[in-house]
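Labels below follow one simple rule: chain letters A, B, ... track the order of the sequence lines, proteins then strands, and each chain is numbered from 1.
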Amino acid sequence: MKDITVKFSDGSVESYPYGKTVMEIIASRFGSDAAAPVIAARINGKMVDLSSPLEEDVTIELVDINSAEGLGILRHSISHIMAQAVQDIFEDVHVTIGPSIEDGFYYDFEYSDTFTPEDLERIEARMREIISEDHPFVRTEMSRKEAVSFFESRGEPYKVELINDLPGDVSDVSLYSQGGFVDLCRGPHIPSTGVVRAFKLLNVAGAYWRGDESNKMLQRIYGTGFATQEELEDYIRVIEEAKKRDHRRLGRELDLFQMNDEAGPGLVIFHPKGALLRTIIEDWEKKEHLKRGYDIVMGPQILKVDLWKKSGHFDHYRENMYFTEVDEQLYGIKPMNCLSHMLIYKSKIRSYRDLPLRYFELGTVHRHEKTGVLHGLMRARQFTQDDAHILCAPDQLNTEIRSIADLVDYSMGVFGFSYEVELSTRPQDSIGSDEDWELATGALKQALEDNNIAYDTNPGDGAFYGPKIDFKLKDALGRKWQCATIQCDFALPERFDLSYIGPDGEKHRPVMLHRVILGAIERFMGVLIEHYAGAFPVWLSPVQASVFTVTDKHIPYGETVYNQLINAGVRCEKDFRNEKLGYKIREGQMQKIPYMLVIGDREMESGTVSPRQRDGKNLGSMGIREFVSILNERCERYE
RNA sequence: GCCGAUGUAGCUCAGUCGGUAGAGCAACUGAUUCGUAAUCAGUAGGUCAGCGGUUCAAAUCCGCUCAUCGGCUCCA
């Protein structure tokens, strides 16, 4: 056999004997030390194991354990090790699938009993044994038929189902084994179990087979793995930090809101500070929308059921709606705000000169969410959307979508979020013609491209009335939250027979855009609380400053300072209790108040205040007016 | 809705083998008048989520319901 030529990603080209494995080639080219963090390779663009032999001329790229792909391979391999450990320990466990995911991996098992936290420890212990035994991951290939009978003989029905459901043109499948455990798997994998340095099993949860709620519930074990122990510990620290930032906890500690069993699940009760924060956000939004040519409108909470039938909500959204009977008439409590907006449009004959019309409503909606999905402010049964419906001519769609995307971008910047964009296309259960769906999807796509916005596509994930663009913001811990969305809708204008008179004097059908910027104010507040860990920027803080007296004799002057600040529009509290200054400061810090104003002899004599910033910095003595202008300037910069 | 876990004072949590409930912090009262993250002392606070069952006796064992938490499905 003749030698083969290998081209490396640094551009160098070398010859090797036929049939050498990738690992051997890397070791001879870079030395075994340099090869250590490499756990897989990309050969002519295809990911392979290091143990695969090279039988033709190739271009080779090394996949490092620290790259996103390398980490994915490592975690996927750990999931196989976990599956082996589980089957070693427990009887009657059937394996299903076990992929790597964003922050780790999981494996789903069918098991008649349930896994407990103690079981996880036993599984981890067995995994450590498997790792120290350093079993190689061995790839083999089989025909579909062989593989089916192989997994049948091993009593693994889920694997058989997976193979049977492969596309018809797939003739062979690959299997990976390590230490007697065999799994159907595309690969690649790490060379051997001993490569694993740091892993942890995190929790057990139920999960439907193939994610379908009509299927059997399996038991999923989540875990994660990293190249080093330090990285694993960092990750665990982030989880702990997230727990500390939990908006449900901070909501109570900062006295922002409560959820109350007596009131009902999924219902938020805003306390004074939470309601103030919400008011600040809503006032900001109204101002920004008025600047951009939106009209503020308001519709009723309940509308007759016939209108919901007309809109399609009764047929497609009924299970999420609440209904109530008034004077023997059935009413639907609104789960969306569009209906009133349609009626506003229809209240007059519209000309093309009137378009676009942009109706903005801070609309409170009710949705009957399943009990299991409720989650503090993030997922409630009553929430308020910063909703708008834009009615425009088809040729105005592009401009309108682009300016919404600009508003999203501006708003995310104000709150300090980066974001990602997804385009979702027609779902199974939907209304409207194929042409309209195509037109709408094309308009969204075109606008994104015109604005140079990178996006992913989610096929079949649109709303029942139209395709949508979702914006997923990223918070301080890198977690993603769905907030803004733009949905294109040809169906509702049709159903409500909306029209405008064009330049030709004829009736034309307008197009509608549904859109939210922050999404639900409740969810957005939840995200904000966790993003800032409760330490809101000055412009958002429900309490911007608190006045602290050193002793009782400073109370009269403190009262003067407090009143001046309140009159200047500062959101201010006072703490004139007979407590030591350090005690008040500590409480102020825990309440995350941006400025604490200390009032003692010095300030009383010179008519000043001494602001202490939340970061502990003492600003020294200054006049009240000076303090107010510092505060106002920061607010103007959205600090 | 489904799988699993949990529910004890305002909060965080103890409570052994079934024998009628405890701590720290917070609160309240008093003393202290104090300069940048906790002054001291005292007082009060509980239908042990709810309902039912077993038992001489239930926070503890069993059943049901409700709620919460972690996921799945769904979603702003």
Side-chain angles (χ1 to χ4, degrees), chain A residues 106 108 111 113-117 119 202-222 243 246 248-249 252-253 255 258-266 317 319-320 335-337 363 365 367-387 461 463 468 470-472 481-485 487 514-524 526-527 548-555 577-591 596-603 610-614 616-619:
Chain A
Y106 65 78
D108 285 348
Y111 178 43
D113 208 344
T114 57
F115 296 116
T116 63
D119 290 338
L202 299 169
N203 50 340
V204 189
Y208 299 107
W209 168 235
R210 297 193 146 180
D212 183 337
E213 67 181 320
S214 61
N215 284 344
K216 193 176 167 105
M217 178 70 69
L218 305 171
Q219 289 206 55
R220 175 172 296 180
I221 302 178
Y222 282 95
K243 246 183 234 164
D246 191 313
R248 293 164 299 191
R249 176 195 178 120
R252 187 180 59 234
E253 288 175 0
D255 200 12
Q258 65 171 303
M259 314 288 277
N260 191 306
D261 284 4
E262 286 183 280
Y317 206 73
E319 64 281 12
N320 283 303
M336 297 186 194
N337 301 300
V365 296
R367 296 185 186 174
H368 181 221
E369 303 289 351
K370 293 176 179 175
T371 52
V373 306
L374 301 175
H375 182 90
L377 297 182
M378 304 298 194
R379 200 73 187 272
R381 282 182 171 163
Q382 178 190 299
F383 56 94
T384 299
Q385 296 178 299
D386 59 338
D387 205 358
D461 222 21
K468 59 177 183 168
D470 287 330
F471 297 77
K472 306 226 158 152
W481 303 94
Q482 150 90 71
C483 290
T485 172
Q487 305 177 349
H514 308 241
R515 48 107 284 187
V516 290
I517 303 298
L518 307 183
I521 307 294
E522 286 80 355
R523 173 180 291 181
F524 192 75
V527 174
F548 294 164
T549 43
V550 176
T551 73
D552 285 354
K553 70 177 170 187
H554 306 118
I555 290 177
R577 289 176 303 173
N578 174 16
E579 291 289 351
K580 290 170 87 167
L581 184 61
Y583 182 87
K584 298 182 185 184
I585 300 267
R586 180 182 145 82
E587 273 195 3
Q589 282 299 135
M590 290 197 303
Q591 287 296 308
M596 292 171 243
L597 306 180
V598 175
I599 304 294
D601 287 343
R602 287 199 295 275
E603 290 73 22
S610 288
R612 178 196 205 270
Q613 282 182 175
R614 188 164 51 197
K617 193 175 163 199
N618 199 331
L619 299 187

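If you check distances only, the side chain of Glu603(A) does reach the base of G35(B) with a donor-acceptor pair under 3.5 Å. No hydrogens or angles were tested; on distance alone, a donor-acceptor pair under 3.5 Å links the side chain of Tyr208(A) to the base of G1(B). The base of A76(B) is paired with the side chain of Glu369(A) by a donor and an acceptor separated by under 3.5 Å. Scanning atom types as modelled, no donor and acceptor separated by under 3.5 angstrom connect the side chain of Arg381(A) and the base of C75(B). Residue-to-nucleotide contacts include a donor-acceptor pair under 3.5 Å from the side chain of Arg523(A) to the base of C75(B).
Of all nucleotides listed (C75(B), U33(B), G35(B)), U33(B) comes nearest to the side chain of Asp552(A). When each of C34(B), C72(B), G70(B) is scored by its nearest atom to the side-chain atoms of Thr551(A), the top-ranked nucleotide is C34(B). Listed nucleotides: A67(B), A76(B), G71(B). Nearest to the side chain of Asp261(A): A67(B).
Across every strand in view, A23(B) sits in a pair with U12(B) that passes the Watson-Crick or G-U test at under 3.5 angstrom. Pair assignment for A38(B): none, as no Watson-Crick or G-U wobble contacts are both less than 3.5 Å. G63(B) is paired with C51(B) under the Watson-Crick or G-U wobble criterion, all donor-acceptor distances under 3.5 Å.
Taking atom P on both C61(B) and U6(B), the two are 11 Å apart, rounded to the nearest angstrom.
The aromatic ring of Phe383(A) sits over the base of A76(B), with ring centres less than 5.5 Å apart and planes inclined by under 30°.
Following rounding to the nearest Å, Arg379(A) (CZ) and U68(B) (P) show an atom-to-atom distance of 14 Å.
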